[in-house]
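Worksheet for the structure shown next.
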2 protein chains.
Amino acid sequence: MTDEHPADTDILALAQDFREALRHSVYLVRRLDADGELTAAQISMLKMLMDTGSASGGSAAPGVRVGEIARNLGVKVPSATEQIIKLERAGLARREPDPDDSRAVRVRISEAGYAAVEAANDRRNAVMAGILASLSDADRTALAAALPVIGKINATLQA
Amino acid sequence: MTDEHPADTDILALAQDFREALRHSVYLVRRLDADGELTAAQISMLKMLMDTGSASGGSAAPGVRVGEIARNLGVKVPSATEQIIKLERAGLARREPDPDDSRAVRVRISEAGYAAVEAANDRRNAVMAGILASLSDADRTALAAALPVIGKINATLQA
DNA sequence: CAGTCATAGTTAGGTAGCCTAACAGTTAGG
DNA sequence: CCTAACTGTTAGGCTACCTAACTATGACTG
């Protein structure tokens, strides 16, 4: 406790505990799924399309390119294509040709997709909120304080 | 900030942020995989066998029953059986008849399994520690403080 | 001491989501 | 032009889940 700097072993222990927590959280996330709703992967992709497609930039063409989707989601391009096709078949997203580059494809979320992700998110958030409500204020505060940190850790991947 | 109690909307917002963090963490966990090492699911099961099988209780028979494994991992029994068979074929676990109940099966981790999970865990922990090392002390402290809370949340599932 | 009912695990068949390798079309540069 | 680089799709394969159906054992009850 009186070390001048955090010993490697401390960081290693934290890494182990954090990994353990994430490992268990995988099952928690799975539990939130259920029903004939959207899958977690579909929500991830649709949410990404919402955030990136019509984001601040207001760039030239609408939608997101397949390669960019894959990069954002941390999967390979064929996996992204597969998901996109499923979403398209379900009427939740659309594929359009890129006016500037005939090789490229622009993917956009549809109105139905918007609504679906909203609904699925709301339900999951409510379930999670139910769990969080059983915690103490202190616990919730500690969790809230850590979320930006976890965000930083996750951002490491993008690099 | 001066509410008498946390408003529902606050908890809902926290739930949303937490889910978001977990959603992204899925991809982080995937990145830690790699190689011809054990899969994440295999590590989870082996670690469970280590913790539960020879745990404090020192109960009568050694090993863990399939149903208990499934419950602990949050999967259905057939999924557990499938994993167990794979681990057995890889020489990482053993199945033995339960002396007290001929219907039941006792699953135990093998020496090789012990070594394998150790190795895989060490490597992953090292990678994660590398990421954590780039954070500030304050960030690491915040993360450490939240881990028990996340543990509580995860424990909710067991119920 | 059957006869039924519950419990433990396996088997069979199906789905989602990811991967690599091979392919087709488009653009860009020598 | 013509080759090289890039974008996305297709093909084939894997892991890890699931439900439903089955086998075998245990446990309870008339």
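Values reported hereafter were calculated over all heavy atoms of this structure, with side chains retained and with hydrogens, waters and symmetry mates removed. These figures come from a predicted structure and were not determined experimentally. First the proteins, then the strands, lettered A, B, ... as listed; each starts at 1.
Cluster membership check: Leu14(A) does not share its hydrophobic cluster with Leu12(A), using side-chain heavy-atom separations under 4.5 Å among Ile, Leu, Val, Met, Phe, Trp and Tyr.
Contact annotation for Val66(B): backbone-only contact, meaning every heavy-atom pair under 4.0 Å involves sugar-phosphate atoms and none involves a base. Base engagement by Val77(B) is indicated by at least one non-hydrogen atom pair under 4.0 Å involving a base atom.
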Base versus backbone protein contacts along nucleotides 12-17 of chain C [heavy-atom cut-off under 4.0 Å; B, S, -]: ----SB
Nucleotide-resolved protein contact map, nucleotides 24-30 of chain C, B/S/- at heavy-atom distance under 4.0 Å: -BBS---
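Atom CG of Asp98(B) is separated from atom C1' of dA24(D) by 14 Å (rounded to the nearest Å). Between Arg106(B) atom CZ and dG9(C) atom P the separation is 9 Å, expressed in whole Å. Between the CE atom of Met45(B) and the P atom of dC17(D) there is a distance of 8 Å, rounded to whole Å. Counting to the nearest Å, the C1' atom of dT19(D) and the CG atom of Asp33(A) are 16 Å from each other. To the nearest angstrom, P of dG8(D) lies 13 Å from CD1 of Ile85(A). Regarding Arg71(B), its CZ atom lies at a distance of 19 Å from the C1' atom of dC17(D), rounded to whole Å. Going from atom CG of Leu73(B) over to atom P of dA16(D) covers 12 Å, rounded to whole Å.
In this structure the side chain of Leu28(B) reaches within 4.5 angstrom of the side chain of Met128(B), judged on heavy atoms. The shortest side-chain heavy-atom distance between Leu132(A) and Asp139(A) does not fall under the 4.5 Å cut-off.
Base pairing of dA21(C) is made with dT10(D), judged by Watson-Crick or G-U wobble geometry with both donor-acceptor distances under 3.5 Å.
Closest non-hydrogen pair, Leu92(A) versus Ala116(A), comes out as CD2-CB, 4.1 Å. For Ala80(B) against Ile69(B), the heavy-atom pair with the smallest separation is CB-CG2, 4.2 Å. Across all non-hydrogen atoms, the minimal contact from Ala129(B) to Ile11(A) is O-CG2, 3.6 Å.
Between Val107(B) and the options Gln83(B), Glu88(B), Arg95(B), a side chain to side chain contact (heavy atoms under 4.5 Å, CB included) holds for only Arg95(B).
Ion pairing between a basic and an acidic side chain is recognised when a charged N comes within 4.0 Å of a carboxylate O; Arg23(B) and Glu20(B) show such pairing. Classification of Arg124(B) and Asp33(B) as a salt-bridged pair holds, one side-chain N sitting under 4.0 Å from a carboxylate O.
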